[in-house]
Amino acid sequence: MADNTLNGRRVLAIVTNYGVEQDELVVPVRHLRERGAHVDVAAVSGGEIRTLVGDKDPGKTVDPDLTLADADASSYDLLLVPGGTVNADTLRLEESAVAMVRSFAESGRKVAAICHGPWLLVEAGVLDGKTLTSYASVATDIRNAKGTWVDKSVMHCGAQGWDLITSRTPDDLDDFLREIGSVLEAAA
């Protein structure tokens, strides 16, 4: 029997076309869709998304639903920022992605980021007063952006008027997805 507890919830996942960590994109998108959420994957360009496993091995190829330029951020409840070192480092150079994070934070909507994904939040300048987790190598960047870094499998922070859900690595996906589901259900 399908779990449709997220019916009516809209999620936007944003990525580059190369280098996103496979399980940090594919697993959350599948999980959220199975729970009834409408999930769109927006990439920098309309071409295929080439994922990686462990930042080096080729992963699955994913077709984006739209481009970052075509995504209307105001029509989504949650912004999902998967990691992958190459993806996150490249995505934070995309002004449209940085602006999207700012839009979600300023409007009080939810953001979920995993692994290196918080680099985009650092770039957007939205971490002052927030407590979050990430891949360990991003901790200093988070602290320098006035955020508080913790070493936990999942961190949910509601400070500053918006919800931020973060996790460290693909090993934390179960906790990450459970917390995203709880936050989206509570908003329904």
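Residue indices begin at 1 and follow the sequence shown.
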Donor-acceptor contacts under 3.5 Å from residues 156-164 side chains, at least two apart:
unit_1	atom_1	unit_2	atom_2	d
H156	ND1	E179	OE2	3.0
H156	NE2	D163	OD1	2.6

query = Given side chains that start at C-beta, do those of L91 and L68 come closer than 4.5 Å, heavy atoms only?
reply = yes
Sidechain-backbone polar pair: S167 side chain, I114 backbone, donor-acceptor under 3.5 Å = no
task = Verify, without hydrogens or angle tests, whether Q22 (side chain) and V53 (backbone) share a donor-acceptor contact under 3.5 angstrom.
result = no
inquiry  = Under the rule for side-chain hydrogen bond (donor to acceptor under 3.5 Å, both in side chains), what residues qualify as partners of T51, not counting sequence neighbours?
reply    = none
task = Look at the side chain of S103 and the backbone N and O of A99, then say whether any donor-acceptor pair between them is shorter than 3.5 Å.
result = no
ask   = Does P118 reach the side chain of L132, with side-chain heavy atoms less than 4.5 Å apart?
value = yes
ask   = Donor-acceptor pair, D70 side chain versus L66 backbone, under 3.5 Å?
value = no
ask   = What pairs of residues pass the ring-ring contact (aromatic ring centres under 6.0 Å, His included) test when at least one of them lies in residues 24-46, not counting sequence neighbours?
value = none
query = Are the side chains of L177 and V27 in touch, meaning some heavy atoms are under 4.5 Å apart?
reply = yes
key: Any donor-acceptor N/O pair, D175 side chain to S153 backbone, under 3.5 Å   = no
inquiry  = Taking ring-ring contact (aromatic ring centres under 6.0 Å, His included) as the cut-off, I'd like each qualifying pair that reaches into residues 88-141, sequence neighbours left out, listed once.
reply    = H116-W119, H116-Y135
remark   = Residues at least two apart in sequence or cross-chain that pass side-chain hydrogen bond (donor to acceptor under 3.5 Å, both in side chains) with D57, listed by chain then number, are none
inquiry  = Please check: side-chain N/O of R109 versus main-chain N/O of A73, any donor-acceptor pairing under 3.5 Å?
reply    = yes
Check: K110 and L184 side chains under 4.5 Å, non-hydrogen atoms = yes
task = Flag yes if more than 12 heavy atoms outside R50 fall under 6.0 Å of its CZ atom; otherwise flag no.
result = no
ask   = Do D40 and V11 have side chains that get closer than 4.5 Å, going by heavy atoms?
value = no
query = So, the side chain of D63 versus the backbone of E48: is there a donor-acceptor pair under 3.5 Å, distance only?
reply = no
request  = Answer yes or no: is there an ion pair linking R92 with D89, defined by an N-O contact shorter than 4.0 Å?
outcome  = yes
query = Are R10 and Y76 in a cation-pi setup, meaning NZ or CZ lies under 6.0 angstrom from the ring centre and within 45 degrees of the ring axis?
reply = yes
ask   = V41 versus V29: any side-chain heavy-atom pair under 4.5 Å?
value = yes
ask   = Ignoring hydrogens and geometry, is there a side-chain-to-backbone donor-acceptor pair from T133 to V150 under 3.5 Å?
value = yes
inquiry  = Donor-acceptor pair, distance only, cut-off 3.5 Å: does the side chain of E94 make one with the backbone of V44?
reply    = no
Quiz: residues 80-88 side-chain donor-acceptor pairs under 3.5 angstrom, not counting sequence neighbours:
unit_1	atom_1	unit_2	atom_2	d
T85	OG1	D55	OD2	2.5
N87	OD1	T16	N	2.8
N87	OD1	T16	OG1	2.9
N87	ND2	P82	O	3.2
N87	ND2	G83	O	3.2

